[in-house]
Amino acid sequence: MAPGSSGGNLAIGIEITPRRLLAAAVESGRLVDRFEVERVDTADAGWEIADFSRQAVERFGRGASIGVALPGLIDHTAGRVAHSEQMPENMNIDFKSLFRSVDLVVFLENDANAAAYGEYRLGAGRGASSLFYATIDIGVGGAFIFDGKIWRGSAGFAGEFGYIAINEDGLKLEDVASVDNIVRRTRERFNRDSTSSLSRLQEQEIGINEIIGAANEGDDLAVLMLNRTGNYIGTAVAAVINLLNVEMIVLGGQVMQTGNHILEAIIGRAAELSFEPSFSATTIRTGQLDDNAAAIGVALIASGS
């Protein structure tokens, strides 16, 4: 069924990441179509984003509500990115003018907020009265849902989970738990373990998929690196549990698609560092929407669903 043919409320969600652009059509509370492209040159990021958004509208149908999710602190009033570690080039873009130039009106949202809302409405967080969502991917972000609404904080910048310090030296969670940093840490160690299947690869050939594959085959080094990553994340998760006593924590992003290696370590570490009554009252689970979460969520937000 083509988007828009059922008579439901069609909404378009677009996720902007450093490596890809993803568009999703959401209608009557379900994903009905999607497409994505890899990014090869972000020198003219504004034009690239505007052109991709135009393509999405041409494919899914004009008249739909449109939301765009991207990493960073979003100034909703100005329609700009106030700060972004992953994509600093977006801070120079006037998104209101950009989308006006292709005859579109677009709602901007932080990618973690969008993914949190997607999981809350259509994924693993359904039915929760309070939820914390964390995305562990190219970057590490977080978002809160209270009583069905995103909690943005006083200035709109709440949820920066990746900036939680996990040791006394101020090491941030994102410094060790993002995809690139898991790969970096593994590459730094693999030459010291000749028994690891990863040692048969050249250093530059080791990526997150190779680490996950090795762990799933029982490789001790790969399992160790994922377990340590889970311990880091679990330390930060425990802080959320102790501070806010949320009903549910949903963990998404590419890193959480590694099977149980990381999830078990997260739960175990969080249990060690949380007050037992608070930990027992919190459900910790992985997301269900995979890499569609942010695009689905921002489509729902933009449409007011």
Side-chain angles (χ1 to χ4, degrees), residues 8-17 22-32 34 64-74 76 107-137 139-153 156-162 164 233 236-237 239-241 243-257 263 266-267 270 278-279 281-305:
N9 294 324
L10 175 67
I12 297 172
I14 296 170
E15 183 188 19
I16 310 299
T17 81
L22 166 67
V26 177
E27 191 167 21
S28 301
R30 65 188 184 92
L31 177 67
V32 294
R34 71 186 292 282
S65 304
I66 306 169
V68 171
L70 64 174
L73 306 181
I74 308 300
H76 289 91
F107 177 82
L108 291 186
E109 184 57 272
N110 168 268
D111 55 355
N113 284 349
Y117 194 73
E119 290 287 356
Y120 167 72
R121 287 293 314 282
L122 302 180
R126 283 174 292 184
S129 61
S130 59
L131 177 148
F132 175 72
Y133 173 86
T135 177
I136 319 293
D137 210 291
V140 177
F144 297 98
I145 304 282
F146 294 123
D147 297 324
K149 297 179 181 179
I150 298 170
W151 187 75
R152 293 186 169 86
F157 305 146
E160 290 300 312
F161 188 59
I164 290 181
I233 299 168
V237 164
V240 172
I241 293 173
L243 282 171
L244 294 169
N245 188 210
V246 291
E247 178 183 351
M248 186 179 295
I249 292 176
V250 177
L251 303 165
Q254 185 181 10
V255 173
M256 296 310 303
Q257 297 173 28
L263 182 62
I266 290 170
I267 292 173
S278 295
F279 177 80
T282 303
T283 300
I284 303 174
R285 58 178 56 160
T286 54
Q288 296 176 348
L289 302 183
D290 298 327
D291 58 357
N292 297 313
I296 290 173
V298 79
L300 293 171
I301 295 168
S303 66
S305 299

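For the residue pair Ala302 and Phe107, the shortest heavy atom distance occurs at CB-CB, 4.3 Å. Across all their heavy atoms, Pro71 and Ile16 have their closest contact at CD-O, 3.2 Å. Looking at every heavy atom in both residues, Ala158 comes nearest to Gly153 through CB-N, 3.7 Å. Minimum heavy-atom separation, Ala114 to Ala69: CB-CB, 3.8 Å. Across every non-hydrogen atom of Ala116 and Tyr133, the tightest pair is CB-CB, 3.4 Å. The shortest non-hydrogen separation linking Leu31 to Ala24 is CD1-CB, 3.6 Å.
Looking at Arg121 and Ile145, their side chains never come closer than 4.5 Å, going by heavy atoms from C-beta outward. No side-chain heavy atom of Leu122 sits less than 4.5 Å from a side-chain heavy atom of Arg30. Side-chain contact between Phe132 and Ile241 is absent, with no heavy-atom pair separated by less than 4.5 Å. With a 4.5 Å cut-off on side-chain heavy atoms, Ile284 and Phe279 count as touching. In this structure, the side chains of Arg34 and Ile296 stay at 4.5 Å or more apart for every pair of heavy atoms.
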(request) Let me see the working for Leu70 and Leu108 under side-chain contact (heavy atoms from CB on, under 4.5 Å), right down to the final yes or no. (result) CA-CA 8 Å; Leu70 64 174; Leu108 291 186; 4.1 Å; yes
(message) As a quick check of understanding, evaluate side-chain contact (heavy atoms from CB on, under 4.5 Å) for Thr282 and Val237, giving each step before the final call.
(response) CA-CA 11 Å; Thr282 303; Val237 164; over 6 Å; no
(message) Assess the residue pair Leu73 and Glu160 against the criterion (side-chain contact (heavy atoms from CB on, under 4.5 Å)); give the C-alpha distance rounded to whole Å, side-chain angles, the decisive distance to 0.1 Å, and a yes or no.
(response) CA-CA 9 Å; Leu73 306 181; Glu160 290 300 312; 3.4 Å; yes
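Only one option out of Thr135, Ile266, Asp290 pairs with Met256 in a side chain to side chain contact (heavy atoms under 4.5 Å, CB included); it is Ile266.
The OG1 atom of Thr17 sits 8.0 Å away from the CG atom of Asp137 when rounded to the nearest 0.5 Å. Here the straight-line distance linking atom CD1 of Ile267 with atom CD1 of Ile233 works out to 11.5 Å at 0.5 Å rounding. Rounded to the nearest 0.5 Å, atoms CG (Asp291) and CG (Leu22) are 6.5 Å apart. The distance from the CD1 atom of Ile301 to the CG atom of Asn113 is 7.0 Å, given to the nearest 0.5 Å.
Between the side chain of Glu119 and the backbone N or O of Ala124 there is at least one donor-acceptor pair closer than 3.5 Å. Judged by distance alone, with hydrogens and angles left aside, the side-chain atoms of Arg126 form a donor-acceptor pair with the main-chain N or O of Gly123 at under 3.5 Å.
Residues that satisfy the salt bridge (Lys or Arg N to Asp or Glu O under 4.0 Å) test with Arg152, not counting sequence neighbours, are Glu109. Checked against side-chain contact (heavy atoms from CB on, under 4.5 Å), Ala64 has the following partners two or more places apart in sequence or in another chain: Leu10, Ile12.
Relative orientation of the Tyr117 and Tyr120 rings is tilted, given thresholds of 30° and 60° on the angle between their planes.
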Side-chain donor-acceptor contacts of residues 243-255 below 3.5 Å, not counting sequence neighbours, with atom names and distances?
from	atom 1	to	atom 2	distance (Å)
Glu247	OE1	Ser129	N	2.8
Glu247	OE1	Ser129	OG	2.8

